Amino acid sequence: MLARLQTATFFPIFKTNVNGLCHLLFNQLCTKIESTQVTESPEVPSWAKVNPASVYEDDDSVSPTVTSWIEGRRLDDPRKVAQRFLGETTESDVVTISKILNKRYSSPEEVAEALDGCDISISENKVERLMKRYSHDWVVAFGVFKWAKVQAWYTHSPKLYNFMVDILGKAKQFHLMWEQIEEMNNLGGYISWFTMAKAMRRLARAGKYKEAIDAFRGIERFGLRKDVTALNNLMEALIKENSVEHAYEIFSEFKKLVQVNDISFNILINGWCKVRRLDDAKKIMEDMEKHGFLPDEFSYSCFLNVYCHDKDFQKVYALLDEMRDKGCRPRVVTYTIVMHALGKAKKTNEALGFYEKMIESSCVPDAPFYNSLIFILGKAGRLKDAREVFYSMPKQGVTPSAITYTTMISCACDYSREDEALKLLKKMERASCKPDIKTYTPLLKLFCKKKRMEVLYFLLNHMINNNVRIDVEAYSLLITRLCKSEEVEHACSFFEEMVSKGMVPRDSPYKRLITELEARNMVEAKEYIEKLMLNAKGIIC
DNA sequence: CTTTAATCAC
């Protein structure tokens with residue numbers, strides 16, 4: 001067992017650069033090896049040599065269609081995958097760019113310089129895709145941006161400048177962010193409300209509330225006006241980033257200068273409700289009426305949210321009565337909030353009563369409403385009903401969203417419906433709905449539990465192809481769940497993989513893995529994992 | 001592409 005582990009743990013499944021093309025190509029190559037390799041080879045771990053044809057032999061639950069889907073995907077040509085995200089890029093460009101961008105760089109200038117030495121054709125589409133791909137890595141993204149800017153026959157559009165501003169803001173490179181905004185200002189006509197909204201949002205997210213407010217104060221310098229929407233934008237950003245206090249301050253200061261509207265009041269009501277300061281929210285509601293605006297279903301739903309969160313249905317019903325008395329009709333959002341909360345509180349029938357009520361009042365259900373309905377039916381174990389609602393959506397003129405698929409998948413996983421869960425993922429892909437980490441989490445859990453390694457690797461590939469990062473959280477899940485399933489070798493392999501990508505494992509999966517190795521008396525493997533952990537921690541120190 | 005609420009995982 002130890003020998004097996006050692007081949008497994010020393011197999012570099014991923015190259016060090018996590019999100020690069022190289023990694024993607026390499027990973028695809030691994031799957032290719034995995035599904036085609038017949039003879040023994042020292043570099044390939046034993047688990048990777050599963051003969052795909054035999055995997056499903058004793059498992060009737062997986063239909064041939066899903067099986068062939070998985071198999072077909074595993075044999076994907078890695079270059080095709082790379083091309084899918086680089087668009088019309090030629091094959092030689094893919095190889096050239098991947099080689100360049102997957103090295104480690106200390107500055108954007110270095111990246112630009114490296115790109116400069118090559119003969120690569122340029123298009124706005126390609127620059128955008130590359131920036132998107134590297135949007136979490138501002139050094140590379142900014143390098144690509146700087147390189148493209150000086151190419152002949154090429155000028156960045158305002159859209160790409162905005163994107164760059166956002167990437168720099170996300171990376172908290174505010175000095176560079178402002179530099180870009182100044183540059184846009186000099187170009188003339190490049191700055192829009194979108195630019196400033198992004199900048200204010202990123203500043204607020206970094207806790208720089210004062211700077212976000214200053215950006216608003218100086219907005220006229222960029223040819224924009226301090227109108228009510230700009231003010232609302234700022235308040236929205238401050239509230240979303242946890243400072244309703246600053247939002248209220250700025251509102252108080254500017255309400256004399258700017259003609260505020262009902263939306264301004266609602267944003268504040270929502271802000272105070274989110275931090276459970278209901279008295280302050282009520283004060284805003286009174287203030288709203290003094291300014292001649294009647295509270296609407298939006299204003300009330302802020303309070304409903306709080307009561308629903310507390311499962312205080314007495315207050316929910318009282319408020320619904322109050323709304324009725326004041327002639328404020330519930331909307332689909334109102335029904336969704338209440339129905340969802342009742343369903344979560346296991347009051348399924350009461351929740352479904354609201355569905356009836358909504359239909360009676362000729363309110364039209366939308367996707368989020370159906371998602372809630374599917375969710376509560378699933379939680380109540382009514383799989384058949386959930387499925388029926390899901391399949392009835394198109395007939396009702398509502399297109400299932402990514403969340404619809406995620407809800408259905410999560411529900412199928414809860415009841416260990418492996419085949420159904422994979423079929424839904426396939427359907428989701430066909431519908432061009434983008435899966436996110438929430439889509440994959442229940443699937444990863446289920447297939448860890450079922451010890452279906454070949455499906456796990458398929459899913460991890462699927463994530464990479466869909467630009468969903470396999471982050472520390474995902475690795476923790478894999479390691480912990482595989483330990484639970486007594487698949488310690490695979491858990492070790494994932495541990496090594498995450499360390500090789502420069503991540504620092506969380507304590508809890510690490511301890512779990514060590515305990516598991518100790519219990520099995522796998523001394524060497526334990527020492528190896530301990531060494532890896534020390535290395536990983538050393539990198540940040 | 002000017003602005004506000006609800007739905008999926010831990």
Side-chain angles (χ1 to χ4, degrees), chain A residues 158-159 162-163 192-198 200-201 219 224-225 227-237 239-240 247 258 260-271 273-274 281 284 288 293 295-306 308-309 330-341 343-344 354 358 363 365-379 386 389 393 398 400-414 424 428 433 435-446 468 471-474 476-477 480-481 506 508:
Chain A
K159 188 180 163 194
N162 282 333
F163 193 25
S192 63
W193 61 271
F194 190 79
T195 318
M196 295 316 289
K198 281 282 183 207
M200 293 190 302
R201 186 68 188 268
I219 211 166
L224 300 168
R225 276 182 318 159
D227 59 5
V228 64
T229 34
L231 179 66
N232 288 350
N233 256 325
L234 173 64
M235 291 201 300
E236 178 65 18
I239 286 168
K240 281 260 161 66
V258 177
V260 293
N261 59 15
D262 51 344
I263 296 176
S264 320
F265 289 101
N266 277 338
I267 288 171
L268 277 174
I269 291 172
N270 185 38
C273 282
K274 280 259 149 72
I284 300 291
M288 185 175 181
F293 300 106
D296 54 17
E297 74 285 343
F298 184 108
S299 327
Y300 288 108
S301 75
C302 300
F303 293 92
L304 278 179
N305 255 330
V306 178
C308 280
H309 186 262
R331 301 283 172 95
V332 60
V333 183
T334 325
Y335 286 110
T336 309
I337 293 168
V338 178
M339 182 183 73
H340 191 82
K344 257 194 161 165
F354 271 88
M358 189 181 86
C363 193
D366 60 5
F369 178 84
Y370 278 121
N371 296 344
S372 259
L373 188 55
I374 291 169
F375 175 81
I376 64 175
L377 287 169
K379 278 281 173 286
V389 172
M393 285 173 69
V398 180
S401 66
I403 295 182
T404 317
Y405 286 100
T406 298
T407 310
M408 285 295 295
I409 287 170
S410 170
C411 177
C413 289
D414 279 346
L424 284 161
M428 180 175 191
C433 277
D436 63 10
I437 187 67
K438 288 169 191 164
T439 315
Y440 292 108
T441 304
L443 288 163
L444 292 177
K445 280 184 191 166
L446 177 62
V468 176
D471 58 5
V472 178
E473 211 63 57
S476 300
L477 182 156
T480 310
R481 304 273 164 161
R506 298 263 160 80
S508 133

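These numbers were taken from a predicted model, which means no experiment stands behind them. Within every chain, numbering begins at 1; the chains are lettered A, B, ... in the order of the sequence lines, protein sequences first and strands thereafter.
- The separation between A/M408 atom CE and B/dA9 atom P is 14 Å, rounded to whole Å.
- Among B/dT7, B/dA5, B/dC1, the nucleotide with an atom closest to any side-chain atom of A/K159 is B/dC1.
- Residue A/F375 is in sugar-phosphate contact alone, with no base atom involved, counting any heavy-atom pair closer than 4.0 Å across all strands shown.
- If you measure from atom CZ of A/F369 to atom P of B/dA6, you get 16 Å, rounded to the nearest angstrom.
- Of all nucleotides listed (B/dT7, B/dC8, B/dA5), B/dT7 comes nearest to the side chain of A/P368.
- In terms of polar N and O atoms assigned as donor or acceptor, the side chain of A/T441 never comes within less than 3.5 Å of the base of B/dA9 in a complementary pairing.
- At a threshold of 4.0 angstrom between heavy atoms, the contacts of A/D227 include nucleobase atoms, whether or not backbone atoms are also involved.
- In this structure, NE2 of A/H340 is placed 8 Å from C1' of B/dC8, rounded to the nearest angstrom.
- Of the listed nucleotides (B/dT3, B/dA5, B/dA6), B/dA6 has the atom at the smallest distance from the side chain of A/T336.
- Note: A/W193 CH2 to A/N233 CG = 7.0 Å, rounded to the nearest 0.5 Å.
- For A/D366, counting side-chain heavy atoms from C-beta on, the closest listed nucleotide (B/dA6, B/dC1, B/dA5) is B/dA6.
- Note on A/E473 versus A/R506: salt bridge recorded, some NZ/NE/NH1/NH2 to OD/OE distance being below 4.0 Å.
- Base engagement by A/S301 is indicated by at least one non-hydrogen atom pair under 4.0 Å involving a base atom.
- Checked against B/dA6, B/dT7, B/dC8, the side chain of A/N371 finds its nearest nucleotide in B/dT7.
- Atom CH2 in A/W193 sits roughly 9 Å away from atom P in B/dC1 (whole-Å rounding).
- The nearest whole Å value for the distance from the NZ atom in A/K379 to the C1' atom in B/dA9 is 10 Å.
- Counting atom types as modelled, A/S372 pairs no side-chain N or O with a base atom of B/dT7 as donor and acceptor under 3.5 Å.
- A search for salt bridge (charged side-chain N to carboxylate O under 4.0 Å, His left out) contacts involving A/K344 returns nothing, not counting sequence neighbours.
- For A/N266, whose side chain is taken as the heavy atoms from C-beta onward, the closest listed nucleotide among B/dT3, B/dC8, B/dT4 is B/dT4.
- Residue A/K240 places at least one side-chain N or O closer than 4.0 Å to OP1 or OP2 of B/dA5.
- The nearest whole Å value for the distance from the CD1 atom in A/I219 to the P atom in B/dT3 is 15 Å.
- Between the C1' atom of B/dT3 and the CG atom of A/N270 lies a distance of 13 Å, rounded to the nearest Å.
- For A/N261 and A/S264, the side-chain atoms include at least one donor-acceptor pair closer than 3.5 Å.
- A/S410 places no side-chain N or O within donor-acceptor distance of the main-chain N or O of A/T406, the cut-off being under 3.5 Å.
- The side chain of A/K344 places no N or O atom within less than 4.0 Å of a non-bridging phosphate oxygen (OP1 or OP2) of B/dA6.
- Nearest to the side-chain atoms of A/I267 among the listed nucleotides B/dC1, B/dT4, B/dC8 stands B/dT4.
- The CG-P distance, from A/L444 to B/dA9, rounds to 15 Å in whole Å.
- Between the side chain of A/N233 and the base of B/dT2, a donor-acceptor pair under 3.5 Å is found.
- Candidate nucleotides B/dC8, B/dA6, B/dT2 were compared by shortest atom distance to the side chain of A/N305, and B/dA6 ranks first.
- When heavy atoms are screened at a 4.0 angstrom cut-off, A/I337 is found touching the sugar-phosphate backbone but no base atom.
- Within 4.0 Å of A/E297, counting heavy atoms only, lies at least one base atom of the nucleic acid.
- Partners of A/Y370 according to the ring-ring contact (aromatic ring centres under 6.0 Å, His included) rule, which considers only residues two or more places apart in sequence or in another chain, do not exist here.
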